[in-house]
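The first residue in the sequence is number 1, and the count goes up from there.
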Amino acid sequence: MTPAHDLGQRAATTPDATALTWDGGRSTYAELDEAATDWSDRIRDTGVLSQAFVTLCLTPGPQTIAALFGAWRSGCIAMPLHEGLTDAEIAHAHQIVNPALHIDNSGFHFPGDDAGGPGLPLNVEPHVVAFLLTSGSSAAPKAIGFGHDAFAASAAAVTRRLALTPDDCWGLCLSIGHVGGLSLVVRAVMNGSSVRLWPSFDEDAVARAVLAGNVTHLAVVPVMLRRILARLTEVPETLCCVLVGGAASSPALLDKAWRAGLPVAPTWGMTETASQVATAPPELARRVPGTVGRPLPGIEVRVGPGNVLSVRGPTLATVAITGPGYPARPLRTGPDGWFVTSDVGRVDDDGLVWIEGRKDAIIVSGGLNVSPREVEQVIETLPGVVRAVVFGVPSEEWGEVVVAVVERDGPGVSASDIERHCRVRLARGRRPGRIVVVDELPRTRTGKVMRARVAERYGPEMTETLSTD
C-alpha cells in the first residue's frame with residue numbers, strides 16, 4: 001500500500017468531490033487521480049526502477065501534488081524537498097539518498113549521471129514509501145523514512161482528535177517537504193477533504209481565504225500565525241481550527257490569537273512521528289494555556305531520566321539515514337518500542353503534555369540547572385518581544401552564564417526593558433547575564449529558529465564581553 005492507493009480509492013468513492021483548489025482553479029479527486037497516473041507513466045518511461053528514490057522540488061501547486069502521488073504510483077520512494085532549497089542543499093539531500101530521478105520546475109534530471117552511474121535503490125524495507133529531511137535547526141539534516149501505515153495511523157488519530165470531516169478544507173501553508181505539509185495532504189486524501197494551495201506562503205492571501213470562508217483549517221508555525229493574525233480584521237465562524245506547531249509559540253502570541261477569536265490548537269510533534277504526537281483542541285488550549293494537550297489516540301508519551309520525553313506508537317518512522325554514505329538503519333528505539341526524543345517536559349495527572357525545552361540545552365550555572373525554555377517563556381511575555389533564544393556561554397567563575405538573544409517587533413523594546421522584566425520574574429542565577437536585541441532571528445524555511453546558528457553568531461562575542469567584566 002502507498003498513498004497512491006488511497007487516492008485511487010478516494011477517486012472511485014467520491015470522484016466529483018473537490019480535492020484541490022488554487023487561485024482560479026479546482027481539481028476533483030477523479031482529476032487528481034488521472035493526473036497522478038500521467039505522472040506515473042512519465043516516471044516509468046524514464047526506466048527508473050521500483051523502490052528507487054525520486055526527489056521532488058517543485059513550486060507548490062496542483063501538478064506538484066499530482067507528481068508526488070505519481071511517484072508513489074510508479075512504485076518509487078518519494079522524497080519531497082522544500083521548494084526553497086538551494087542547489088547545494090539539494091545536492092546534500094541527493095548525497096544522502098542517492099536518487100535515481102529528481103523532478104523540479106524545469107523537468108526530469110538524473111543525479112546519478114553526475115556520479116558516473118544511475119542512482120540505485122538503497123537497502124530499505126519494501127513497505128517504506130517516503131523519506132523526509134529533518135529541519136536541521138539544531139544539527140545537520142538527516143533523512144527519515146515512513147511506511148504507509150505510519151501515515152494512516154497519524155491520519156486516523158488526528159481525525160479523531162480534531163473531529164475532522166470530508167467537508168473540511170485545509171489551507172496548505174507548509175511545504176510538502178515538511179512533515180506537517182506532507183501529512184496534511186496525505187490525511188486529506190484519506191479523509192476525502194480538500195486542500196487549498198498557494199505557490200508560496202502569503203499571509204495576505206491566507207487571510208483573504210479565511211475571511212472569505214474558503215478554508216476551515218490551517219496548519220502553521222508560530223511565525224506564520226503572527227503574520228496571519230496581523231492581517232485578520234475578524235474571524236469568521238467557518239474557521240474551525242488553526243493548528244500551530246513546528247516550534248514553541250510564545251504565551252503572548254497565543255494570548256493575542258485567542259483574544260482575536262482564533263481557534264488555536266497547539267501541537268507537539270516531530271518528523272520521526274509522522275507529524276503530531278499530542279494536540280490540544282482549541283477549547284482545551286484556551287482553558288489550560290501552555291499545554292500541547294494529551295497524546296493522540298494510540299500514541300503513548302512517558303517521562304524518562306532528566307525529564308526527557310519518549311514516544312511509542314504506530315506513527316513512528318521506520319528507518320533513518322543519518323548522512324551521506326550512511327546506510328538506512330531502523331529508527332533507533334528501545335527494545336520495548338520507545339523512541340527517545342530530544343524534548344524535555346512532563347505529563348501531568350490529567351495526562352496533559354507540557355514541553356519545557358530540549359535535553360541538550362540545559363545550562364549549568366553555579367551548580368544551578370537552568371532550562372533555556374523557562375527563561376525564554378518569561379522574556380516572551382514582555383509586549384513587543386517576538387521570540388527569545390537563551391543559551392549558556394563559558395564562564396571561569398560560574399561554569400556557564402545565561403545569555404539571551406531576543407527578536408523584537410519594532411524598535412520599542414530594549415535590552416534594559418528585558419533586564420528589568422526578568423529581574424522581577426526570575427531568580428538571579430536564572431536571569432540572563434547578557435542580552436542582545438535583534439530585529440530578526442535566523443530561521444529555517446519551515447519557520448524554526450536556528451538555535452545553533454544564533455549561538456555561533458552571538459556566543460563568542462558574549463563570552464568575550466563577559467570575560468572583560
Original post:
Have S194 and T18 got a donor and an acceptor in their side chains that come within less than 3.5 Å?
Top reply: no
**OP:** With sequence neighbours excluded, give me every salt bridge (Lys or Arg N to Asp or Glu O under 4.0 Å) pair touching residues 241-270.
**Re:** D255-R259
Subject >> Closest contact, heavy atoms only, W72 versus V129 >> reply: NE1-O, 2.7 Å
Original post:
Aromatic ring centroids of H94 and H102 under 6.0 Å?
Top reply: yes
Original post:
Nearest 0.5 Å, what's the CZ-CG distance between R26 and L20?
Top reply: 10.0 Å
**OP:** Would you list the pairs meeting salt bridge (Lys or Arg N to Asp or Glu O under 4.0 Å) in which at least one residue belongs to residues 81-97, sequence neighbours left out?
**Re:** E89-R445
Original post:
Can you tell me how far the CZ atom of R387 sits from the NZ atom of K448, to the nearest 0.5 Å?
Top reply: 11.0 Å
Original post:
Distance-only, no hydrogens or angles: does the R408 side chain make a donor-acceptor pair with backbone N or O of G384 under 3.5 Å?
Top reply: no
Original post:
Taking atom CZ of R287 as the centre, does the number of heavy atoms from other residues, nucleotides or ligands within less than 6.0 Å exceed 12?
Top reply: yes
Subject >> Test item: side-chain donor near acceptor, N191 and S193, under 3.5 Å >> reply: no
Original post:
So, does S371 use its side chain to make a donor-acceptor pair with the main chain of E356 at under 3.5 Å?
Top reply: yes
**OP:** Show the numbers, then the answer: is there a side chain to side chain donor-acceptor pair (under 3.5 Å) between T381 and H421?
**Re:** CA-CA 9 Å; T381 61; H421 182 76; 2.9 Å; yes
